[in-house]
Structure formats: structure tokens, C-alpha cells
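To start, the structure itself, in C-alpha cells.
Ligands are counted one by one from 1 in listed order, and the atoms in each one are counted from 1 as well. This one's a predicted model, so the numbers in the text were calculated from it and none came from an experiment. When reading the values below, keep in mind they use all heavy atoms of this one structure, side chains included, and skip hydrogens, waters and symmetry mates.
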Amino acid sequence: MKLFFSLFLVISLISSCSTGELEKKTTSTIPVKNHSFSNVDSIYTKHLHLDLKVDFTEKKISGVARHQMINSGTKRAIFDIKGLKILKVTTGDVNNETNRKYEIGKETNNKILGKPLIVDIDKNTAFVNIYYETTKESEALDWLDSTLTSSKEKPFLYTQGQAILTRTWIPIQDVPSNRITYSADLSVPSDLLAVMSASNPKVKNKEGMYHFEMKQAIPCYLIALAVGDLVYGDLGNQTGVYCEPELIDDCVYEFKELPDMMKVAEDLYGEYAWEQYDLLILPYSFPFGGMENPRLTFANPTLIAGDRSLVSVIAHELAHSWSGNLVTNETWNDFWLNEGFTVYFENRIMEEIIGKSKADDLALIEFFELEEELERISKSAHPEDAHLFLNLEGRDPDDGMTDVAYVKGAFFLKTLENRVGRDKMDVFLQSYFNHFKFTSVNTEKFVAYLEKELLKKYDIGFNYKEWIYEAGIPSNALVIESKGFERIKLMAEDISKHKLSELENKFSLADRDSYSVQEWLTFLRHLSSNISAERMKVLDESLQFSAWTNAEIQFEWFLKSISSNYTPAYPYLSAFLEKVGRRKFILPLYEALYNNKATKEKALSWFDNYKQNYHAVSRNSIARALHLKN
Ligand code: BES
Ligand code: ZN
């Protein structure tokens, strides 16, 4: 009787496997590789088809992810999932599907990685179909009520996949080393347009049904979706911009140089591989300046400064069409191969668009930021984060998103260029992109290629090992000088020396135009660290920094306002934090508020009030910085 009873228990346990309730019962430990549980070495997705419905009332995406896979003969396929509700898994072609057993592993590290979805398959299975729904925990998704859009009339949804958030809206093998093509059929509310990192519609249709194709193979962190009240503006030469209707004129003006940037980029490193290049201007909550989703860069509206002063971010995202999207970092430890190359490339584009001396100013601002970042990293729990090649095992890949990958990476290439000469450098990079196109590279492969195709070939010595595998900035780093910056630094240092009465007559609003935005940024950064609130007030009255609507200027001004307790700026700061969700700005602002005794409470109460306006990427980072549970 006892035996019979336990047998019954075992059988019922096994049979419940196919119902999707097994989470509690799984004990197996799945190895983690490249921030993923997936067994891509045995079976990998080649093409993904998404059949999804976007439901704004429930704030939920539901449907099926159909994986067409190459199976080397394994009997289980493992996917990454996080914050997803799995409803059913089948194998086989559409209309010929068989239900399959699956397990959802309970792993210890799941705060970062989520969980493995383990599906029983046959050794010749090639189609795995996962029926699922997203949940409130699907961190890639930002569901915006209409109040957070520009028109305040229609809701908005967008996704952010990089680095490992695609698994929070699609069950997938979430590694940058595997490339897939994808297609999608989406059903969305009929008053909204859906766009993806794929071939895109230009206008709405009354059924709200859209079909998408991405025919070039991409790493899955680049799958992206946005749904909103969008219109399209053509910028010429296979470029354009999607945005909310009332922004279209401003966008077309701001991003007018896009076709020129494209031409410069193609002249440098070869033909653009993705046919069309459009921008999508998202609501202010978007956590980044830009995100290089192929064919459709996602961009933050803070880039619309009105004077094209912040378009280098667009040059950056365009550059990713080569560095990152065409040649992809194989693991997140090799992130500098994406970002360092892109910052270098971005600056080469800007050199042609705005001229060498202004492009140098842009690079120099980045270099100052790198120096500050390295200072912080050297005192942190992970001083080895100052290496270009990282070790992010067991950590959130987000931790690798520092100026080291971006700026130290770019200065490595700038210094190399300076050593070998621009001609050889350009030929080398052209052949690098061509040789590795549509594949992933790691640091070791890059080093081997560098040795063979550049250094050995021309018998040139270069300390690349020091750059890549050691901390700090090597002493041969290229030095950039800027006369404009030297002048404005002196002007900034002077501010604390003047009598207040002298300062009152020093500037007027018209002086804003005498210097570039980058020069003003340098001015603000070089104001004395203990400048008084009175002096800040005089500067504000003459130059109106608090009311300046350039987000980069606002950011620097607010930082100074917090450190000097210049309280008249706080209503502007509060409004900025309420509206803007770009992490690069708001995280340091919250940190500064929190670390100043006088404003610590403000940091907490503002965050509490505004956090629902932010994407999870920003919200989680700030919650951590403010020592809040999230
Ligand atoms: N790919 C990045 C954004 C990113 C990196 C998202 C890692 C998630 C994980 C994008 O290209 C980027 O670097 N954006 C920068 C722009 C810049 C450095 C010009 C940004 O948003 O500030
Ligand atoms: Zn980038």
C-alpha cells in the first residue's frame, strides 16, 4: 500500500511536468555560461518567429515564440527566461505541434540571470514553440501611460534588450555569441503603430496587425519593439525618423545631418549592411541616450537640443551598425569591442561633420570623464574593472558599462592610430569589419587579428597588452589639446576670484552664444568645487543655467547646484527628475542628492514620487544607489 502510494506520488509529480507547475520540484543545476543557462553548444536558434499580441489594458504581451533550431542531437533545449509566465511548450511545425514536458529550474543566481527553461525534445527536433506571457517583472518593457508621452494622448510601449533583458520579454537563448534572423506578427491597438529592429511600416493600418522581417542574423539583445502614436519623416538616403506627431519638425531639423553621417561612415568602413537606417525618438523615460537596435536606433528626446549640439550620440549609434551589430562582442567581458570601437568610430564621423577641433573637444570631455571613472573604480570593490577585458562572471553585465569600455577603448584605438598612421589604421579596420562581419569576436581573436594584420605585418611595436589587460591609462595615451577649453577653464577658475559685484556685470544671456555647448560644459565642470551659492546665483541670473533646456548643461548645472546648496535650482531639478529617465543623468543626480546631508531626504522623496516614470534599468540602479530594496 505504501509502495503503491509513493509510486502514485512519483507519477503525479512527473505528469505535472507538462502543466508548467514544476518550478517547485526542480532540483537540477544548469551550468551558466556567458550569462546564460542555454545549451547553445548543443542546440541553437537559427530563426525566431514571434506571434504576439500587445495588450495595453493588461500591460501584457502574450503569444508564442517559435524557435527554428539547429540540433546536434541533444534531447533537451534550454532557454533563458526571467519574469515570464510559460503557458505551454510544443515541438514541431505550425499545425503539427506536440505538447512537451518542460521544467523551470530554480537557480540561486536568478536575481540577475532569471531561470533556465528546460524542454524535453527528440534528438532530431528542430522546432520548439514556447507559449508565454510577460508579467509585471518583465524588466525590458516600459509601459507608459499617455501622461508620460509628448502628446499626452496615447500610451506607449518600448523594449530595452541589452545586455540580458531580452529574456524578460522573449523566452530565448540569451547570449550575444549566437546570431538569429527573426520575423514577427504583432497585433496592437489600431490607433498605434508598431515598429521593430526590422523592416518597418511607415503608417498605421486599421487592423493594428503588423508583419516584420529581420533577414540579417543578429544577436538577440538587438531584438526590439516599440508601440505608440508614431509618424515617419524621411531624411533622405535611406534614413529617417519615427516620433510622436508634434515632434516631427524638430526631429527633422535636429537630425538633418544623418545622411551625411551615413556617407562618412560608409566611406570609412564599407557599405552599410542593414538597408535602412531610421531613428525612433522615444518618450523621456528611455534609460539611454541611444540604443543601436539594427535598422532602428532608439533615441532619447533629450538629444533634441534645438541646435544639433548633441548629435554625436546619433553618430555613435550609427557607428554600431558596424561595431557591435555587424561584428559583435562574443561575451559581455568583451564589451569594449562593441563600445570602444564605436566611440572611436563616432569621433571619426564627427570629425567630418563638425571639423577636427570640435570633434577633439568631444573626445576631451569624454577623457575627463574617464579619469573620474578610473578614480572611482580604483577605490571600488572591483579595481580590475579598469581593464578593457573584463571578468563579469557572477555579476550583472551592466557593471561593465563604464567609461573604461567606452573611452579607454576609444583612446586605445586613437593611440594605435597615432602610432601606425591613419592610412594603415583605416585599412586595418576596414578589413577587420569585413573579415568578422556577421560574427562575434572576443578579445583574444581581436588581439590575434591585430598582431597578424597590423603589428607583425608592418613590424610595429605597440603595448596593447598593457592597454587591454591592465588598469589605468598607459603613459603613451594620445594627448588632445583644446585652446578653447584652456580659455574657458581659466574663465571658470576666475569666477571664484572675482568680487561678487564684479561678477554681476560679467555675463549676459547673449554670451551663451559666444561658446559651444561643450565649452559651457567644460566651464561648469571647472567651477571651483566649493563655489558659493551666491556666486551660483549670479551666474544663474546672467546666463540662466537653471532654465537652459540642453540636458547635458542642465545635468552639470544641477550637480553644481547640489554641491553648492544652490536651492533656487531645485524646482528645475525636480522637474528634470520627474520627466527624464536617462540613467546617465539621473543616477549621478540622485547620488549627489543622497550624499549631501541637506538633500538626502529630497533624494528619497523625489525618487519615491518619480520612480514610476522610469524604465526598470534606471529605477533599479537608483534604488540600489539609495540603498533601497527593489
Ligand atoms: N549600446 C549602448 C547602450 C547600452 C549598453 C545599453 C549596455 C545596455 C547595456 C549605446 O550604444 C550607448 O552606448 N549609448 C550611450 C551613448 C553614448 C556613449 C554616445 C548613452 O546612452 O549614453
Ligand atoms: Zn554604444
Does a side chain donor of either Tyr449 or Ser431 reach within less than 3.5 Å of an acceptor in the other side chain?
yes

Do any nitrogen or oxygen atoms of ligand 1 lie under 3.5 Å from a protein nitrogen or oxygen, and which ones?
from	atom 1	to	atom 2	distance (Å)
ligand 1	1 (N)	Gln162	OE1	2.7
ligand 1	1 (N)	Glu292	OE1	2.6
ligand 1	1 (N)	Glu292	OE2	3.1
ligand 1	1 (N)	Glu339	OE2	3.0
ligand 1	11 (O)	Glu292	OE1	3.0
ligand 1	11 (O)	His316	NE2	3.2
ligand 1	11 (O)	Glu317	OE1	2.8
ligand 1	11 (O)	Glu317	OE2	3.1
ligand 1	11 (O)	His320	NE2	2.9
ligand 1	13 (O)	His316	NE2	3.2
ligand 1	13 (O)	Glu339	OE1	3.4
ligand 1	13 (O)	Tyr406	OH	2.7
ligand 1	14 (N)	Gly290	O	3.2
ligand 1	14 (N)	Glu317	OE2	3.3
ligand 1	21 (O)	Gly289	N	2.5
ligand 1	21 (O)	Gly290	N	3.3

Taken in chain and number order and not counting sequence neighbours, the residues that satisfy ring-ring contact (aromatic ring centres under 6.0 Å, His included) with His526 are Phe368

Test side-chain hydrogen bond (donor to acceptor under 3.5 Å, both in side chains) applied to His35 and Glu393, step by step:
CA-CA 7 Å; His35 290 97; Glu393 205 182 301; over 6 Å; no

Partners meeting ring-ring contact (aromatic ring centres under 6.0 Å, His included) with Phe212 (sequence neighbours left out)
none

Please determine, by modelled atom types, if Asp142 and Tyr158 share a side-chain donor-acceptor pair under 3.5 angstrom.
yes

Considering only residues two or more places apart or on different chains, which pairs with a residue in residues 289-309 satisfy salt bridge (charged side-chain N to carboxylate O under 4.0 Å, His left out)?
Glu275-Arg295

What's the atom name of the N, O or S in Glu339 nearest to the Zn ion (ligand 2)?
OE1

